[in-house]
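Here the structure is laid out as structure tokens; the discussion comes afterwards.
Along the sequence shown, residues carry numbers from 1.
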Amino acid sequence: MDTHRSRFFLEYAQQTLCPTVEAAGCRPVLLCPLPGGLFDETWAKEAEATLRLARENCPPGAELCALLPAGGFFMEPYGELPFARGVGHYASAAALAKKNGADSLLIHRAGNLLQARAGVLGSRTAGLPVYVTMEIAGEGEDLLRGGNILSAFVTLQELGIAAFGFYSAVAGILLDPVRMVAPCARVPLLALTRDLTGGLPIPETQALFASRSAFLASLGAGWQGIFGAGEGEVSAAAGALSAASPCAIPRVDYRGEAEIWAAGEQQVFYLDANVEFSDPIPCESDMADEIIRLEHEGEEAVCVRPETPEDGATVSLNNANFAQLPVAFLSDDEAALDSALFFYNGRAIVDSRSLIPEDRLKETAAKYGAIVV
């Protein structure tokens, strides 16, 4: 049984520091980086060899986490890779990682929600804990490739991830994003940075990392990592993390019956139980004009009626259009609803008027973190 409240993540090149992290009171998590690119025979052979070597050299007590790069896939509607194929890559990669001894999976440096969702939907099929880090831009106000930070967090948390966090080479950029999501978090928050201290003397560097770790922990980031740091810096940071008091940030529960948080790629929609949907509109290849019309008419949410599983691909192509209004799906076909929720890039609403048995309706919605209203 894991008795550590805090985890400290190490790059594979830092594996000799696992005992240092353990001695400081945190559980060491050793990241095994898997190849970039899509899963194929060459990818599998390289990944398998990497995992086997990592498993053999993983110190006792350390968690071996397979790191799956997320930032290189540009999926529809923003790229040419079909979303389902991206999900399939992660499913195959996660199965291979589990077979070769990985204890957990990290979808690392996702630049937008679409990349992260593909990673989570695919990786969770292996049955291992799935962690996500997202890469942020500027001063921490947006995701690297666009999209709202809180929207991404709410959507991914409802998909059942085991931890959520951020990556930035500059530690200070992580502060505002961690503050933003911490009140809503029901999973551990993770902050990964790099050692960019340059020529500071060793005592000052250790003190700096200890203070950074303590401050991030006070904001809610109870899992951390500093790539490229040496033993002294890691020991100081892990010790500060282990000693930090539990975060006392006021909690926000957005899952109550009276409060509904739906999410698109660009924003969270704060609704209540009396939300009204538009008249149902069919899935079409280009729904932009219809959605704009509904927005101008003051509709609270756009109601979309998927009728066949093939309509899910149409939802995928329209994700960029589903930006200004929350989306509710009304369907009488379970497979069609499942497909629409799979492809919708956000946290959707499921219209309870759908003629699907109630237990199946709720089960399908829960599979994708949607809300039945």
Side-chain angles (χ1 to χ4, degrees), residues 33-44 46-47 66-94 96 105-125 130 132-138 141-149 151-156 159 161 164 166-168 263-267 283-289 291-292 304 306 309-324 327 338-348 368-369:
L34 300 189
L38 288 171
F39 188 97
D40 58 16
E41 185 176 348
T42 301
W43 191 101
E46 183 180 347
L67 184 154
L68 294 166
F73 297 142
F74 298 95
M75 290 168 286
E76 295 175 342
Y78 308 114
E80 296 182 357
L81 181 70
F83 180 73
R85 189 179 176 201
V87 173
H89 158 76
Y90 286 106
S92 298
L96 184 144
L105 304 161
L106 172 64
I107 310 304
H108 187 45
R109 297 180 68 172
N112 59 25
L113 176 57
L114 195 66
Q115 292 174 338
R117 279 190 80 247
V120 173
L121 290 174
S123 296
R124 71 181 186 178
T125 59
V130 178
V132 177
T133 57
M134 304 201 75
E135 193 161 10
I136 48 183
E141 65 275 7
D142 295 302
L143 297 173
L144 180 65
R145 301 197 180 279
N148 180 269
I149 291 171
S151 292
F153 171 69
V154 169
T155 299
L156 296 169
L159 288 179
I161 58 175
F164 177 89
F166 303 101
Y167 169 85
S168 175
E265 186 177 20
Q266 300 297 330
Q267 62 179 306
C283 284
E284 297 177 344
S285 58
D286 185 358
M287 302 167 66
D289 290 343
I291 293 168
I292 291 171
V304 180
E310 289 71 28
D311 285 340
T314 303
V315 170
S316 177
L317 294 176
N318 280 279
N319 270 322
N321 298 322
F322 294 132
Q324 302 304 319
V327 176
D338 187 286
S339 179
L341 293 173
F342 174 86
F343 281 103
Y344 176 65
N345 195 34
R347 188 183 190 216
Y368 299 102

T155 side-chain N/O to A152 backbone N/O, donor-acceptor pair under 3.5 Å: no
Are any of the side-chain heavy atoms of L121 and Y90 separated by less than 4.5 Å? no
Say whether, by atom type as modelled, one donor and one acceptor occur between the side chain of R347 and the main chain of G369 under 3.5 angstrom. yes
Which one of I107, V130, V120 satisfies the side-chain contact (heavy atoms from CB on, under 4.5 Å) criterion with L156? V120
Minimum-distance pair of heavy atoms, taken over all atoms of A323 and Q267: O-NE2, 3.3 Å
CG of L81 to CE of M75: how many Å apart, nearest 0.5 Å? 6.5 Å
Side-chain heavy atoms of Q324 within contact of I291, under 4.5 Å: no
From Q115 atom CD to N345 atom CG, the distance as rounded to the nearest 0.5 Å: 10.5 Å
Could you check whether any side-chain heavy atom of N319 comes within less than 4.5 Å of a side-chain heavy atom of F83, counting everything from C-beta outward? no
Using a cut-off of 6.0 Å, state whether more than 12 heavy atoms not belonging to D40 lie near its atom CG. yes
Are the side chain of T314 and the backbone N or O of S285 linked by a donor-acceptor pair below 3.5 Å? no
Would you check if the side chain of N318 reaches a backbone N or O of M287 as a donor-acceptor pair within less than 3.5 Å? yes
Over 60° means perpendicular and under 30° means parallel, so tell me whether W43 and F39 are parallel, tilted or perpendicular. tilted
In terms of heavy-atom contacts, L114 and P77 come closest through CD2-CD, 4.5 Å
Which residues pass the side chain to side chain contact (heavy atoms under 4.5 Å, CB included) test with A340, sequence neighbours left out? P306, V315, F329
Can you see which heavy atom on S316 is nearest to which on F343, and at what distance? CB-CD2, 3.4 Å
Heavy atoms only: give me the nearest P35-A47 pair and the separation to one decimal. CD-CB, 3.8 Å
Using the benzene-type ring in the case of Trp, are the ring centres of Y344 and F342 under 6.0 Å apart? no
Checking A94 now: which residues fulfil side chain to side chain contact (heavy atoms under 4.5 Å, CB included) with it, not counting sequence neighbours? L105, S123, A126
Step by step, work out the side-chain contact (heavy atoms from CB on, under 4.5 Å) result for F153 and M134. CA-CA 9 Å; F153 171 69; M134 304 201 75; over 6 Å; no
S339 and G312: which non-hydrogen atoms are nearest, and at how many Å? OG-CA, 3.2 Å
Could you grab the distance from atom CG of N148 to atom CG of L113, nearest 0.5 Å is fine? 10.0 Å
For the side chain of R124 and the backbone of L159, is there at least one donor-acceptor N/O pair under 3.5 Å apart? yes
Do you know the tightest heavy-atom contact between L341 and A348? CD2-CB, 3.8 Å
Side chain to side chain donor-acceptor pair (under 3.5 Å) pairs, two or more places apart, involving residues 70-84: Y78-E265
Nearest 0.5 Å, what's the CD-CG distance between Q266 and N112? 9.5 Å
Separation of I136 CD1 from D142 CG (nearest 0.5 Å): 10.0 Å
